[in-house]
Structures are given as C-alpha cells and as structure tokens.
Amino acid sequence: MSLFSLYLTFFKIGLFTIGGGLAALPLLQTEALRQNWFSMETFFHMVAVSESTPGPIGINMASYVGWEHAGWFGSLTATLGMVSPSLIIIMIVARWFLHFNERPMVQEAFSGLRPAVTGLIATAAWKVLGVAVLPLSRFAETREITDLFDPVRLGIFVVLGGAHIRWNWHPVVFVVSGALLGMVLL
C-alpha cells in the first residue's frame, strides 16, 4: 500500500467519523476487511489496546495500521489522513460559526446526525461485545452451545460493568482491572 493510498483511506474514514472515535469502528472494520490488513480477532485486539491507551481510538488505530504498513512514515501519513478532514472542517466552521450554527438546516442536520452516530456506536459496541464477552467466532465454527458462553469473560464483564455502574470510578481502574483479571484467569 502506498503512502498516498494510506492517506486517502484514512482521510475517507476521518471524513465520515462523526461523533467521536467509536463511530470510526465500523469504517475501520470495513476497511480492515476490504484491504486485508489483519484478521477480525486482531482488529478487536487492536480496539482493546487503542481504548486502553491515551488518545482517540481512531487516531491510535490509524497510527498502528500506518506503522504496520510503512513504519514511521506510514504511521504519520495515516494519522494525518485521519485528522485532516476534521481540521479542514473545524477551520471552515470556526470562520463562520456564529452564522452557521443558527441556521435551521444545520440544526436539523445535527438532529439527524445524533441518532445515526448513536447507531454506529451501538453497532461497534455490539461487535466488540461479541468478540470480548461472547466468543461468537468459536461458536460459529463448532455450533456447540457450550462454546457460546465463556463464563470467565462474561464474569469479568458483569463484575467490572456492575462496579462501574455502582461506583463510577475512573476508567483506568477498570482497564487495569480487566487486564489483570485477563492475565490471571484467561
């Protein structure tokens, strides 16, 4: 993959990532499969690592894919591709923001974007849940109901999810706890 192609791919992803990094997951997943960058399991491992490291998930994923394909230059190129659309749009909006934001069509567009982005994020969460908690790929191979549920993964999900709802501690506590539990129990 050329640096130009890498830039254009991530420019396209960045252009349609509205609502934050999680909204980029379906686009990143589609490109990963289409371009044969890596397996689905590797993709979801990358999601876990990208969510666990500082910075937006889309930027972290772009940096990783770029690094895998062309080292430092690839990482920089993919990252620039990912942020370029936002930078361009923000510069345009900042120039005319006061007038832009008050227009009814803009407010209507944002009203439609919110549920669409929420749907993208929910889809991404469902797919990550399927790999992280319910080993659906193993079930698809064996068709054994016992392979559908991994009690240890499900237990980690329920305990840490419940603790987050109950105590709402800093996310780092749950990321570190999940990693430690995974190393000890899985």
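Quick caveat, the model's predicted, so the values are computed rather than measured.
Within the 4.5 Å cutoff, no side-chain heavy atoms of E68 are placed close to those of W37. In this structure, L87 and V83 have side chains that are not in contact, with every pair of non-hydrogen atoms separated by 4.5 Å or more. Counting heavy atoms from C-beta outward, M61 and I13 have side chains that stay 4.5 Å or more apart. A 4.5 Å side-chain heavy-atom check between V49 and Y64 finds every atom pair outside the cut-off. The side-chain heavy atoms of I59 and F10, taken from C-beta on, include no pair separated by under 4.5 Å. Counting only heavy atoms from C-beta outward, the side chains of M46 and V65 approach each other to under 4.5 Å.
Contact detail for T79 and S63: the closest heavy-atom pair is OG1-OG, 2.7 Å. Closest approach of A62 and M82 over heavy atoms only: CB-CB, 4.1 Å. S50 approaches N60 most closely through the heavy-atom pair O-ND2, 3.0 Å. Across all their heavy atoms, L6 and A78 have their closest contact at CG-CB, 4.0 Å.
Tested against L181, the residues V176, V159, L160 include a single side-chain contact (heavy atoms from CB on, under 4.5 Å) partner, L160.
Between W169 and F174, the ring planes are parallel. Angles under 30° get that label, and only those over 60° would be called perpendicular.
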Run E31 and K12 through salt bridge (charged side-chain N to carboxylate O under 4.0 Å, His left out) and show every step you take. CA-CA 10 Å; E31 285 300 319; K12 179 177 69 174; 2.9 Å; yes
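Residue L27 is grouped with residue I121 when hydrophobic side chains (ILVMFWY) are merged at heavy-atom distances under 4.5 angstrom, including chains of intermediate members.
The line from CG of L120 to CG of L25 is 9.5 Å long, rounded to the nearest 0.5 Å.
Sparse packing is recorded around CZ of F157, with 12 or fewer heavy atoms of other residues, nucleotides or ligands lying under 6.0 Å away.
Side-chain contact annotation: S39 with T42, donor-acceptor N/O pair under 3.5 Å present. For the residue pair S84 and Y7, a side-chain donor N or O sits within less than 3.5 Å of a side-chain acceptor on the partner.
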